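Below is one structure, written out as structure tokens; comments come after it.
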Amino acid sequence: MTDAGTEHAVLTDELGVDIDPELLSLALTHRSYAYEHGGIAHNERLEFLGDSILGLAVTVHLYRTHPDLDEGSLAKRRASVVSTVALAEVARSIGLGAYLRLGRGEDQTGGRDKDSILADTTEALIGATYLSSGIDEATALVLRLVSPLMADPERYGAAMDPKTALQELAARQGLTAPSYAVEADGPDHHRTFTATVTVGAVSQQGTGSSKKQAEMAAALSVWRHLSSQS
């Protein structure tokens, strides 16, 4: 069993950045963990900061690399790259879920693989990188994280519009059209939606703060599964 310092060193090596240890711990701390430990600080302020840095880095990159695209097309591409679904996929690619500091209840209900938590933590790590190493390092981190997604046209398209991508993939494989079922849980001001998508014998779930977000997350999960089988 490795200690937190060793685990954090593995994560920063994976990210390719130096992050202040206290900021790194903060970036990995979900509010559920903070609540269970006496109301300590959690990562939502870093998430707020990282979201802005992420948006700027992706915007500048798209502007420079796609001089032929108009404003509307650039905005659509940016939205897909910074979406919760896309950022969660990025987080899974680096095994981020294993490093999260979650409350017991959140951990037991699959919090380490929830799109919203993974995406928010990715943004918090970007914010922590900015505070530790400056804008250049934070921008470089963003581009390292999202470049594989943008370099793969099929996966990029799936992240941009997973429901359409899944429908097309199902048709190509001769499977039934995707079927969606959505449930909501929690108080009105903080509802969590869980979508279940079924295609043939494959069924996957996704969560989000809206019905649309949950359906997109579930659709991408099924798309990944079916793509890996083809």
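Given the structure is predicted, the values throughout are model-derived calculations rather than measurements.
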Steps toward side-chain contact (heavy atoms from CB on, under 4.5 Å) verdict (Leu87, Leu54): CA-CA 10 Å; Leu87 291 179; Leu54 169 70; 3.7 Å; yes

Any side-chain heavy-atom pair from [X] and [Y] closer than 4.5 angstrom?
| X | Y | value |
| --- | --- | --- |
| Thr129 | Ile53 | no |
| Leu96 | Val90 | no |
| Asp120 | Thr84 | no |
| Thr121 | Asn43 | yes |
| Arg92 | Asp113 | yes |
| His8 | Ser25 | yes |

If you count heavy atoms of other groups shown closer than 6.0 angstrom to [atom1] of [X], is the number above 12?
| X | atom1 | answer |
| --- | --- | --- |
| Asp20 | CG | yes |
| Arg45 | CZ | no |
| Arg104 | CZ | no |

Would you say [Y] ends up clustered with [X] if hydrophobic residues are merged whenever their side chains have heavy atoms under 4.5 Å apart, either directly or through other cluster members?
| X | Y | value |
| --- | --- | --- |
| Leu141 | Ile135 | yes |
| Phe48 | Val82 | no |
| Met216 | Phe193 | no |
| Tyr33 | Ile117 | no |
| Val182 | Val197 | no |

Interatomic distance, [X] atom [atom1] to [Y] atom [atom2] [nearest 0.5 angstrom]:
| X | Y | atom1 | atom2 | value |
| --- | --- | --- | --- | --- |
| Asp107 | Ser32 | CG | OG | 8.5 Å |
| Leu74 | Thr59 | CG | OG1 | 8.5 Å |
| Gln204 | Thr196 | CD | OG1 | 9.5 Å |

Intermediate values then yes/no, side-chain contact (heavy atoms from CB on, under 4.5 Å), Ile126 and Val142: CA-CA 7 Å; Ile126 295 168; Val142 169; 3.8 Å; yes

Using the rule given for side-chain contact (heavy atoms from CB on, under 4.5 Å), can you reason through His61 versus Met150, listing the C-alpha separation, both sets of side-chain angles and the distance that settles it, and then say yes or no? CA-CA 11 Å; His61 177 75; Met150 292 191 288; 3.4 Å; yes

I need the single residue from Glu36, His42, Glu44, Glu106 that forms a side-chain hydrogen bond (donor to acceptor under 3.5 Å, both in side chains) with Arg31. Which is it? Glu44

Lys/Arg N to Asp/Glu carboxylate O, Lys76 vs Asp70, below 4.0 Å: no

Just checking, is any N or O donor in the side chain of Asp136 or Thr139 under 3.5 Å from an acceptor N or O on the other one? no

Test log, rule side-chain contact (heavy atoms from CB on, under 4.5 Å), inputs Leu69 and Leu62: CA-CA 9 Å; Leu69 295 182; Leu62 290 173; over 6 Å; no

